[in-house]
Amino acid sequence: MMDDSRETFGPRAFVTGFPIKHSRSPLIHGYWLKTLGVPGSYRAQEVAPIDFPAFVASLKSGESGFVGGNVTIPHKEMAFRLADDPDTLSEELGASNTLWMEEGRLKATNTDGRGFTANLDEKHPGWDKAQSAVVLGAGGASRSIIQALRDRGIKEIHLVNRTIERAKELSDRFGQSVNAHSLAALSEVMHGAGLFVNTTSLGMDGEDAPVIDFSPLLSDAVVTDVVYVPLKTPFLVQAEQQGFAVVDGLGMLLHQAVPGFEKWFGHRPHVDEKLRTLIIRDMDKH
Ligand code: ATR
């Protein structure tokens, strides 16, 4: 529970979306505020799309009293457009998930890709030795992951999607290292790859997912999933049964929150097991 007495002290930050009540960000930031003993508050603020420009205006003018916050669906694109100074990561994605005021200007970045790589760095260091990676899906999550993989120096990225046009559109944004394929090519492009990432919603919330033969991957390849409900998704279960190392997607959610907290509250927080357990318990409740 949020300690109301702290609401009046220190910087105030928000997470906004529409709807927002299922967001776990208040739990994450609340945990860090409490464990680090930092004064400040973080709360969910539901804002309808039509009201979002006014919300941003009140942030810029200082009227809202917020120093910044997180932005989620459906406001990420608008947040990028309304920011005074979006960084290059946001520019390339056309979307921002983290906002903060600095010297009277609204700054914006996108921390999803950093969350993705930080999770792999924590759970499977050395993953980035992979020369080739396969990314399944071409939606918003895929976009930030491809950006992060490219920036990390992964030489060959195979983007596989049910709708090939969407994969092509995305690969064109990122240049030569990203190749677009249809689902029929999945097995072929998995040959010699050291990383497999599911960015689709397949397998979410107990839904079935297709059977995948992971054996064409390198024997020391790692398989990861952006879906984290359930924690062990059908793809991760299959990959593990087939002898591959797996990393679940919860850490991406936790790690993407780190840069925002540091901007608003001035302390770099740590993703630890207690935080993971807190979120897993919350997932079990719903
Ligand atoms: P997000 O922004 O969360 O990544 P999205 O933009 O809705 O979500 O993208 C969902 C991704 O999951 C897409 O790549 C989608 O494939 P299409 O582009 O062909 O729609 C993929 N996806 C969803 N359901 C799927 C299914 N049943 N089989 C294969 N791919 C699926």
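As the structure lists them, so they are numbered: ligands from 1, and atoms in each ligand from 1. Nothing fancy with the numbering, it's 1 onward along the sequence. Quick note: numbers below take in every heavy atom, side chains included, and nothing from hydrogens, waters or symmetry partners.
Closest heavy-atom approach to atom 5 (P) of ligand 1 among the candidates A95, G139, P210: G139.
For atom 19 (O) of ligand 1, the closest non-hydrogen atom of the protein is T163 OG1, 2.4 Å. In terms of protein heavy atoms, atom 28 (N) of ligand 1 is closest to R162 NH1, 3.6 Å. With respect to atom 12 (O) of ligand 1, the closest heavy atom belonging to the protein is T200 CB, 3.2 Å.
Across every non-hydrogen atom of N110 and N97, the tightest pair is CA-OD1, 3.3 Å. For K21 against E46, the heavy-atom pair with the smallest separation is N-OE1, 4.4 Å.
Applying the 4.0 Å criterion to heavy atoms of G137 picks out, from ligand 1, the atoms 14 (O). Every atom of ligand 1 is numbered from 1 in the order shown, and the set under 4.0 Å from a heavy atom of R166 is 6 (O), 9 (O), 13 (C), 17 (P), 18 (O), 20 (O).
Ring centers of Y42 and W264: under 6.0 Å apart, within the cut-off.
At a heavy-atom cutoff of 4.0 Å, ligand 1 is contacted by the side chain of L202 but not by its backbone. Only the side chain of N161 comes within 4.0 Å of ligand 1, judged by heavy-atom distances.
Protein heavy atoms come within 4.0 Å of atom 2 (O) of ligand 1.
For R43 (side chain) and V15 (main-chain N/O), no donor-acceptor pair under 3.5 Å exists by modelled atom type.
For the residue pair Q131/E156, the side-chain donor-acceptor check at 3.5 Å is not satisfied. In the model, S64 has no side-chain atom that pairs as donor or acceptor with a side-chain atom of R12 under 3.5 Å.
Hydrophobic cluster of V246: the remaining members, joined at side-chain heavy-atom separations below 4.5 Å, are V134, L136, V160, L183, L186, V189, M190, F196, L202, I212, F214, L217, V223, F235, L236, F244, listed by chain and number.
Checking only distances, A138 does come within under 3.5 Å of ligand 1, N or O to N or O.
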